[in-house]
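Throughout, protein chains are lettered first and strands after them, A, B, ... in sequence-line order, and every chain is numbered starting at 1. Because only heavy atoms are used, hydrogens play no part in the values below, and waters and symmetry mates are left out as well, while side chains stay in.
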Amino acid sequence: MSIVSQTVSAASHMCSRPVRVRFAPSPTGFLHIGGLRTALYNYLLARKHDGTFVLRIEDTDRERYVEDADEDIIEALSWAGLSYDEGPNVGGDVGPYYQSSRKELYQQYVQQLLDSGHAYYAFDTPEALEARREEAEHGFSYNAATRGEMENSLTLPDADVTRRIANGDPYVVRMKVASESSIRFEDAVRGTVSFASEKVDDQVLLKSDGMPTYHLANVVDDHLMAITHVIRGEEWLPSTPKHVLLYRYFGWEPPVFAHLPLILSPEGGKLSKRDAEALGIPVSVSDYAEAGYEPEALLNFLALLGWNPGTEQEVFSPEGLAKAFTLDRVGSSGVQFDMDKLRWFNEQHLRAMALDTFCARVATHAEAQGVGDIDDGYLERVCALMQERVSFAHEVFTEGRYFFEVPDAYNEKGVKKRWKDDAPALLGAYAEALEELDTFSAATAEETLRELADAHDCGAGRIIHPTRLALSGVTFGPSLFAMMEVLGRTTCVERMRTAIDVLG
RNA sequence: GCCGCGUUCGUCUAGGGGUUUAGGACGCCGGCCUUUCACGCCGGUAACACGGGUUCAAAUCCCGUACGCGGCACCA
């Protein structure tokens with residue numbers, strides 16, 4: 001029983017056509033974190049099925065267009081490593097990939113709907129509609145119940161309609177939603193969803209500026225681009241019946257729909273730009289790049305935010321995600337953003353890197369961290385000690401500042417706790433002993449220190465702690481002896497003597 | 001207001017009639033390792049929104065309520 005229904009539902013989510021998905025942002029602002037997740041799920045499905053990932057810019061709203069927003073989106077996707085197979089800058093057989101460049105193309109489809117009686121002209125001004133909305137007690141809907149009261153080609157004589165259009169009167173084209181009992185469709189993450197058709201309004205398809213609305217452009221383009229799965233945010237769920245109807249009116253096979261749960265703020269509400277900023281959560285993808293997150297870690301985190309592999313594995317490479325991803329394991333309830341978990345993913349990815357990869361990542365932050373020319377070999381030795389103890393690659397330079405410059409201060413609490421009266425004498429003796437060593441290494445530094453402790457009849461910690469303080473200025477860090485070897489004998493001895501001078 | 005979607009530890013989630021003393025991960029707390037701090041390992045804390053049904057049996061199915069979120073534009 002359950003096996004049968006599983007098979008059936010899985011089959012209904014697939015179709016024989018090769019998988020083609022698209023990410024279709026509108027350039028009204030920078031790419032935000034929710035958009036990146038939508039892009040990711042699309043990307044993963046495409047990779048999983050050796051399909052095609054298309055980027056399409058939905059710029060049909062001239063008023064909200066933001067200069068360079070499309071470039072930010074492209075850049076953000078590139079940073080994240082979500083490469084698309086067709087789209088701006090890459091081309092493809094079914095372009096152009098900017099909807100504004102496809103403006104003329106929608107005309108014939110509008111005409112088709114007009115001819116088949118599934119659409120009509122409407123002359124109502126924005127002001128007139130606004131007035132209707134204001135006087136209506138429970139909201140106004142332009143639909144089967146009200147369109148007879150409006151100024152449109154259904155109420156006006158044909159001659160008037162023709163004349164007004166010829167006159168250049170502004171008009172829009174609306175879809176004529178037929179009354180039927182209900183419109184239902186299968187959503188890959190929610191199952192059957194149904195809406196009463198009388199609740200669906202006569203959506204504007206063509207605006208008075210000649211541009212299509214999202215609803216029309218989206219359906220036409222998805223069809224023309226042979227999109228098989230529409231994966232988008234849950235905010236689109238309520239308008240999906242309109243899209244389903246359009247596919248029906250055009251006589252086209254609709255794609256599989258999958259509506260992703262929305263990302264909520266850690267406090268439960270929706271993750272608005274203002275909220276997020278107040279909570280210190282970056283919203284735009286470029287902020288994550290700037291904050292030093294590993295793109296793979298962000299992707300990993302985002303993938304698990306609303307999806308799970310059905311196993312207990314949590315850490316995935318992008319390739320691993322693509323292999324494990326399936327739409328039917330996407331959850332349906334809103335998810336809260338958790339910065340702690342994101343940081344954990346970042347740490348996991350950092351630790352899983354080969355040393356040279358980690359090192360290369362760290363090196364990209366050198367300049368911004370004010371660390372000039374560093375010897376590659378030296379950086380690698382530092383990285384080897386720091387890889388296990390940082391949350392971000394750039395922390396090698398902040399947490400491990402002392403590897404690159406002389407500490408400019410000694411942690412006050414540390415001094416109080418670790419710099420006892422005998423510290424100067426002990427460190428002086430240790431420095432001297434180090435200078436006499438034939439070979440200086442972690443092993444000999446340790447051996448020397450322990451012998452010295454024995455000779456003075458004190459615990460090794462009595463020397464270890466003040467030495468660390470002298471070398472790094474702080475009380476924590478990698479193994480002291482490993483650190484000494486990386487720093488080198490001269491530096492160690494110098495810093496010990498400086499500390500003796502300064503701390504007395 | 002109307003329509004839709006949702007509701008398992010604080011968070012992300014597994015589980016979808018009996019296998020469950022409800023599992024994992026983050027966080028938090030404790031321990032081990034280490035004369036540092038981490039990593040790592042071990043352990044602990046903590047949840048089926050509520051009320052009715054259905055059933056021998058319900059976190060799991062149905063209905064209702066509450067709460068949350070989304071949508072109701074010539075925005076996407």
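- Using N1 to N3 plus N6-O4 or O6-N4 for Watson-Crick, or N1-O2 and O6-N3 for G-U wobble, each under 3.5 Å, B/G64 pairs with B/C50.
- At a cut-off of 3.5 angstrom, counting only N and O atoms as typed in the model, there is a donor on one side and an acceptor on the other between the side-chain of A/Arg64 and the base of B/C75.
- Crowding of A/Asp457 atom CG: a count of heavy atoms from other residues, nucleotides or ligands under 6.0 Å not exceeding 12.
- Using a 4.0 Å heavy-atom criterion, one finds that A/Gly306 contacts the sugar-phosphate atoms exclusively.
- When each of B/C37, B/C39, B/U11 is scored by its nearest atom to the side-chain atoms of A/Arg389, the top-ranked nucleotide is B/C37.
- Only the C1' atoms considered, B/G43 is 15 Å distant from B/C33, to the nearest whole Å.
- For A/Glu235, taking side-chain heavy atoms from C-beta onward, the closest of the listed nucleotides B/C39, B/G71, B/U36 is B/G71.
- Of the candidates B/C26, B/C69, B/A76, B/C69 carries the atom nearest the A/Leu264 side chain, counting heavy atoms from C-beta on.
- Aromatic ring centres of A/Phe325 and A/Trp307 lie closer together than 6.0 Å.
- The separation between A/Glu446 atom CD and B/U36 atom P is 12 Å, rounded to whole Å.
- Atom P of nucleotide B/G27 and atom CH2 of A/Trp344 are separated by 8 Å, given to the nearest angstrom.
- For A/Asp454, the CG atom sits in a packed shell: over 12 heavy atoms of surrounding residues, nucleotides or ligands are nearer than 6.0 Å.
- Spacing between B/C9 and B/G27 at atom C1', rounded to whole Å, works out to 12 Å.
- Comparing B/G6, B/C74, B/U13 by their nearest atom to the side chain of A/Asn308 picks out B/U13.
- Nucleotides B/A14 and B/U7 place their P atoms 10 Å apart, quoted to the nearest Å.
- Between B/A76 and A/Lys207, a contact under 4.0 Å exists linking OP1 or OP2 to a side-chain N or O.
- Taking only side-chain nitrogens and oxygens, A/Arg174 comes nearer than 4.0 Å to OP1 or OP2 of B/C74.
- With B/G6, B/U13, B/C2 as the candidates, the nucleotide lying closest to the side chain of A/Lys199 is B/C2.
- Residue A/Phe195 is classed as a sugar-phosphate contact, given heavy-atom separations below 4.0 Å to backbone atoms only.
- Stacking of A/Arg343 on the aromatic ring of A/Phe345 is not recorded, the 6.0 Å distance cut-off and the 45° axial limit not both being met.
- Between A/Ile183 atom CD1 and B/G71 atom P there is a gap of 19 Å when expressed in whole angstrom units.
- The side chain of A/Pro238 sits closest to B/G71 out of B/C74, B/G71, B/G6.
- The A/Ser333 side chain lies nearest to B/U7 when the options are B/C75, B/A73, B/U7.
- The glycosidic torsion of B/C69 lies more than 90° away from 0, placing the base in the anti range.
- Remark: the separation of the P atoms in B/G64 and B/A25 is 38 Å, to the nearest Å.
- The A/Asp340 side chain lies nearest to B/C26 when the options are B/C26, B/U36, B/C74.
- Taking atom C1' on both nucleotides, B/C48 is separated from B/G6 by 15 Å, rounded to a whole Å.
- Atom CD1 of A/Ile263 and atom P of B/G6 are 18 Å apart (whole Å).
- With a cut-off of 3.5 Å on both Watson-Crick or G-U wobble distances, the partner of B/G70 is given as B/C3.
- More than 12 heavy atoms of other residues, nucleotides or ligands sit less than 6.0 Å from atom OH of A/Tyr106.
- Between A/Arg132 and A/Asp124 no salt bridge is recorded (no basic side-chain N to carboxylate O distance below 4.0 Å).
- Nucleotide B/A57 has no partner under the Watson-Crick or G-U criteria, as no pair reaches both atom distances under 3.5 Å.
- Looking at heavy-atom distances under 4.0 Å, A/Arg462 makes no contact with the nucleic acid at all.
- Distances shown here put a side-chain N or O of A/Thr60 below 4.0 Å from the OP1 or OP2 atom of B/A76.
- A salt bridge between A/Arg401 and A/Glu399 is absent, with no side-chain N of the basic residue lying under 4.0 Å from a carboxylate O of the acidic one.
- Remark: P of B/G1 and CG of A/Asp201 are 20 Å apart, rounded to the nearest angstrom.
- Pairing of B/C28, defined by two Watson-Crick or G-U wobble distances under 3.5 Å, is identified with B/G44.
- Among the protein residues, A/Val335 comes within range of the sugar-phosphate backbone only, with heavy atoms under 4.0 Å from sugar or phosphate atoms but none that close to a base.
- Across all strands, A/Thr475 comes closer than 4.0 Å to base atoms (heavy-atom distances).
- As judged by a 4.0 angstrom heavy-atom cut-off over every strand, A/Arg329 is placed among residues touching the sugar-phosphate backbone only.
- Across the protein-nucleic acid pair, A/Leu260 atom CG and B/C5 atom C1' stand 13 Å apart, rounded to whole Å.
- In this structure, A/Pro478 reaches the bases: a heavy-atom distance under 4.0 Å links it to at least one base atom across the strands shown.
- For the pair A/Arg232 and B/G71, the criterion of a side-chain N or O lying under 4.0 Å from OP1 or OP2 is not met.
- Of the listed residues (A/Tyr288, A/Phe397, A/Tyr293), just one forms a ring-ring contact (aromatic ring centres under 6.0 Å, His included) with A/Phe392, and that residue is A/Tyr293.
- Atom-to-atom, CD of A/Gln336 to P of B/C9 comes out at 11 Å; the value is rounded to the nearest Å.
- Per the geometry, CD belonging to A/Glu312 stands 14 Å off C1' belonging to B/C12, to the nearest Å.
- Taking for each of A/His215 and A/Gly139 the nucleotide of RNA chain B with the nearest heavy atom, the 5'-most of the two is the partner of A/Gly139.
- Applying the side-chain contact (heavy atoms from CB on, under 4.5 Å) test between A/Glu314 and each of A/Asn308, A/Leu304, A/Asn300 identifies A/Leu304 as the sole match.
- Among the nucleotides B/C74, B/C26, B/C37, the one closest to any side-chain atom of A/Phe476 is B/C37.
- Spacing between B/G10 and B/U45 at atom C1', rounded to whole Å, works out to 12 Å.
- Mapping A/Trp307 and A/Leu237 onto RNA chain B via the closest heavy atom, the residue that lands nearer the 5' end is A/Leu237.
- Residue contacts shown for A/Asp124 include a base, since a base heavy atom lies under 4.0 Å away.
- For the C1' atom pair drawn from B/C26 and B/A47, the interatomic distance equals 15 Å after rounding to whole Å.
- Between A/Arg190 and B/G6, a side-chain N or O to OP1/OP2 separation shorter than 4.0 Å is absent.
- Taking the charged nitrogens against the carboxylate oxygens, A/Glu151 and A/Arg164 do have a contact shorter than 4.0 Å, which makes a salt bridge.
- In this structure, the nucleotide among B/G4, B/A38, B/C75 sitting nearest to the side chain of A/Val193 is B/G4.
- Backbone-only contact: A/Ser194 has heavy atoms under 4.0 Å from sugar-phosphate atoms and none from a base.
- Nucleotide B/G17 forms a pair with no other nucleotide shown, judged by Watson-Crick or G-U wobble geometry with both contacts under 3.5 Å.
- Comparing B/C69 with B/C74, their C1' atoms sit 27 Å apart, to the nearest whole Å.
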